[in-house]
*Asks:* 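Dropping a structure here in structure tokens format, bear with me for questions.
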Amino acid sequence: MVRPVGVTILAILNFIGTAFCLLGGIGMILGGGFIATMLSQQGQGSAGAAGVLAGLGAAAGVFIIITGGVSALVGFGLWKLKGWARIVSIVLYGISGAFQLLGLLGSLAHFNLFAVVWSLFWIAIDALIIWYLLKPEVKAAFQAPQARAASA
């Protein structure tokens, strides 16, 4: 079975996200150390605080790089029509939608029109992707070849 166009687009978006995560993670690691060095050389703040800042930058950078690795794996799985990648994508977009809902509640509590519209936009995108991945024809594309042949 041919890979659906939407799945191809999602896989490519995962690969693009991986590139941004790698660049961002490396930037966080280098940037935290750079800012810590600048603070300690200028005498602003203590050396301990500079060390903590460098450590936080490194930890955040490693987390972002790991996130990029997960994105790469899911993108590869979607590209190869692996069923686990479809399920992982649905779960991750569901988690994203849940966090966007929390952000929406925060935006409503301290009303910010832009933040409300932004949250609603991403909730709609997450819901649309989940709906797409749950469509029967998309689900069928992820079935094993022998299962597809038996159902045909």
Side-chain angles (χ1 to χ4, degrees), residues 1-39 44-45 48-144 147-148:
M1 177 171 243
V2 177
R3 183 183 331 106
V5 174
V7 173
T8 302
I9 292 170
L10 289 175
I12 291 170
L13 288 175
N14 272 296
F15 296 141
I16 293 170
T18 297
F20 279 114
C21 283
L22 290 176
L23 291 173
I26 292 169
M28 288 290 290
I29 291 169
L30 296 177
F34 177 74
I35 292 172
T37 302
M38 295 297 291
L39 287 177
Q44 298 175 355
V52 169
L53 186 62
L56 287 174
V62 168
F63 177 76
I64 291 170
I65 289 171
I66 290 171
T67 302
V70 170
S71 181
L73 286 174
V74 172
F76 181 74
L78 288 172
W79 189 265
K80 294 292 187 176
L81 294 177
K82 301 293 183 184
W84 61 264
R86 180 181 151 273
I87 300 301
V88 169
S89 293
I90 291 169
V91 169
L92 291 177
Y93 283 112
I95 291 170
S96 173
F99 278 119
Q100 287 297 332
L101 268 173
L102 289 174
L104 177 62
L105 292 175
S107 299
L108 290 173
H110 306 283
F111 189 73
N112 179 342
L113 182 61
F114 177 76
V116 169
V117 171
W118 186 254
S119 292
L120 287 172
F121 171 77
W122 283 110
I123 290 169
I125 294 294
D126 290 337
L128 183 67
I129 292 171
I130 291 170
W131 168 79
Y132 175 75
L133 290 172
L134 291 174
K135 288 174 64 174
E137 59 270 18
V138 174
K139 185 177 180 180
F142 284 91
Q143 291 178 345
R148 279 183 276 190

*Asks:* Just list the side-chain donor-acceptor pairs under 3.5 Å for residues 57-66, sequence neighbours left out, or say none.
*Replies:*
none

*Asks:* What pairs with Ile90 under side chain to side chain contact (heavy atoms under 4.5 Å, CB included), at least two apart in sequence or on another chain?
*Replies:*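 Arg86, Ile130, Leu133, Leu134.
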*Asks:* Hey, could you give me each pair passing side chain to side chain donor-acceptor pair (under 3.5 Å) that has a residue in residues 104-132? Not counting sequence neighbours.
*Replies:*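 Counting only pairs at least two positions apart or across chains, the side chain to side chain donor-acceptor pair (under 3.5 Å) contacts touching residues 104-132 are Ser96-Asp126.
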*Asks:* Can you give me every donor-acceptor pair (side chain of residues 4-28, partner residue at least two apart or in another chain, under 3.5 Å) with its distance?
*Replies:*
from, atom 1, to, atom 2, distance (Å)
Thr8, OG1, Arg3, NH1, 3.2
Thr8, OG1, Pro4, O, 3.2
Asn14, OD1, Ser71, OG, 3.2
Asn14, ND2, Leu10, O, 3.0
Thr18, OG1, Asn14, O, 2.9
Thr18, OG1, Gly68, O, 3.2
Thr18, OG1, Ser71, OG, 3.4
Thr18, OG1, Ala72, N, 3.0

*Asks:* Show me the side-chain donor-acceptor pairs of residues 74-83 shorter than 3.5 Å, one per line, residues at least two apart or across chains.
*Replies:*
none

*Asks:* Side-chain donor-acceptor contacts of residues 97-106 below 3.5 Å, not counting sequence neighbours, with atom names and distances?
*Replies:*
none

*Asks:* Are any of the side-chain heavy atoms of Phe34 and Leu30 separated by less than 4.5 Å?
*Replies:*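 They are not in side-chain contact.
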